There are 2 protein chains.
Amino acid sequence: MKSDNIDTFIQECKSRGLNITYPRMAIYKILLQYKGHPSAEDIYKQVQKDHPNISLATVYKTLEMLVDNDLVAKVTPLHDIVRYDCNKDFHHHLVCIKCKKITDIENDALNHLPIPENIDKNFKIINYRVQFDGICKECQRA
Amino acid sequence: MKSDNIDTFIQECKSRGLNITYPRMAIYKILLQYKGHPSAEDIYKQVQKDHPNISLATVYKTLEMLVDNDLVAKVTPLHDIVRYDCNKDFHHHLVCIKCKKITDIENDALNHLPIPENIDKNFKIINYRVQFDGICKECQRA
DNA sequence: GTGGTTGCAAAAAGTTTGCAGGCTC
DNA sequence: GAGCCTGCAAACTTTTTGCAACCAC
């Protein structure tokens with residue numbers, strides 16, 4: 001199964017005209033094996049163990065290339081910088097993936113989602129939020 | 001209504017033994033008036049227009065104090081640094097607010113949420129995700 | 001050989017911190 | 001007046017960039 005994924009990855013690279021390189025293979029393998037969601041630094045530390053010559057800049061460049069090619073997802077629901085909100089009511093967000101604009105949604109149905117039952121019983125849920133990603137009116141025109 | 005909010009804010013500060021200062025008032029007013037969710041930089045730019053002597057460091061310190069006192073919410077669903085995931089399937093997240101660990105949830109009910117009807121019809125929704133915040137088993141013990 | 005990729009180092013972007021001076025109560 | 005708060009500047013963290021050398025095809 002693991003080699004399946006690597007094979008698929010190689011195919012995906014080839015079909016996009018991307019060279020198959022040592023750093024790429026190493027970084028992608030770590031992503032496959034990693035439990036949880038690593039940061040660039042996490043991946044760098046991990047990759048260093050086997051390949052100390054791979055640089056942090058390469059990790060960043062490779063991750064960016066993987067995201068651009070839709071082979072890896074960036075888990076930063078909103079965006080890269082912290083934003084603030086003085087509306088402390090329970091509410092959800094509509095996020096434009098192009099201009100990054102955030103709009104609040106007040107919706108009662110979303111405020112009463114069933115709590116999933118197949119999660120670790122020992123995880124104490126305090127809160128949740130739903131984020132809709134999409135493209136706003138202005139960015140659709142552009 | 002706006003002065004209501006300011007009055008409430010002043011009360012909240014007093015009840016917590018926080019001084020009522022010019023920068024605090026100015027920054028909080030901007031948060032009240034701001035459409036969308038500003039970053040620290042956004043707030044700084046805005047506050048500069050009326051009060052060019054207020055520094056960016058003060059904006060950061062004030063925001064941190066507001067968040068610590070639960071007067072303002074930080075809109076950074078996961079955390080402060082970008083994380084990656086090579087599981088591109090539709091899934092949701094369980095996030096420990098203490099140790100920042102992220103766990104995937106696969107849950108069919110969550111994959112079929114009703115799209116809220118009271119949002120801008122011109123916003124094209126591409127995807128959505130649900131994030132549950134809470135405290136994991138390990139952090140509850142600590 | 002050609003062009004895509006890498007590594008290094010420097011820089012940019014965002015955020016935090018220490019400390020002297022100033023302001024609120 | 002006491003102690004909290006602010007401004008400045010410097011430091012720190014995370015990410016990006018430029019460019020020469022290198023490697024895959």
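None of these values were measured; they are calculated from a predicted model. Proteins come first, then strands; the chains are lettered A, B, ... in the order of their sequence lines, and each starts at number 1.
Computed from coordinates, the B:D42 CG to C:dA13 C1' distance equals 14 Å when rounded to whole Å. Distance B:L56 CG to C:dT17 C1': 13 Å, rounded to the nearest Å. Following rounding to the nearest Å, B:M65 (CE) and C:dT16 (P) show an atom-to-atom distance of 16 Å. The distance from atom CD of B:E64 to atom P of C:dG14 is 18 Å, rounded to the nearest whole Å. The CD1-P distance, from A:I43 to D:dT14, rounds to 14 Å in whole Å. Between B:E41 atom CD and C:dT16 atom C1' there is a gap of 15 Å when expressed in whole angstrom units. Atom-to-atom, CD1 of A:I10 to P of D:dA24 comes out at 13 Å; the value is rounded to the nearest Å. One can place OH of B:Y44 at 14 Å from P of C:dT15, the figure rounded to the nearest angstrom.
Among residues two or more places apart in sequence or in another chain, the ring-ring contact (aromatic ring centres under 6.0 Å, His included) test is passed with A:Y44 by none. Partners of A:F123 by ring-ring contact (aromatic ring centres under 6.0 Å, His included), not counting sequence neighbours: none found. The ring-ring contact (aromatic ring centres under 6.0 Å, His included) test applied to B:Y22 returns B:H51, not counting sequence neighbours. Among residues two or more places apart in sequence or in another chain, the salt bridge (charged side-chain N to carboxylate O under 4.0 Å, His left out) test is passed with B:E12 by B:R16. With sequence neighbours left out, B:T21 forms a side chain to side chain donor-acceptor pair (under 3.5 Å) with no residue at all. Evaluation of the side chain to side chain contact (heavy atoms under 4.5 Å, CB included) rule for B:K14 yields B:I10, B:I20 as partners, not counting sequence neighbours. Under the side chain to side chain contact (heavy atoms under 4.5 Å, CB included) criterion, B:D108 pairs with B:N111, B:H112, not counting sequence neighbours.
As judged by a 4.0 angstrom heavy-atom cut-off over every strand, B:I20 is placed among residues touching the sugar-phosphate backbone only.
In this structure, the side chains of B:L113 and B:Y128 come closer than 4.5 Å at one or more pairs of heavy atoms. For the pair A:F132 and B:R129, the minimum side-chain heavy-atom distance is 4.5 Å or more.
Between B:Y60 and the phosphate of C:dT16, there is no side-chain N or O to OP1/OP2 separation shorter than 4.0 Å.
Rounded to 10 degrees, the angle separating the terminal axes of the helix from C:dG1-D:dC25 to C:dC25-D:dG1 is 40°, with each axis obtained from five end pairs.
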Output one letter per nucleotide in nucleotides 4-9 of chain D: B when a protein non-hydrogen atom lies under 4.0 Å from the base, S when only the sugar-phosphate is that close, - when neither is. SSSBBB
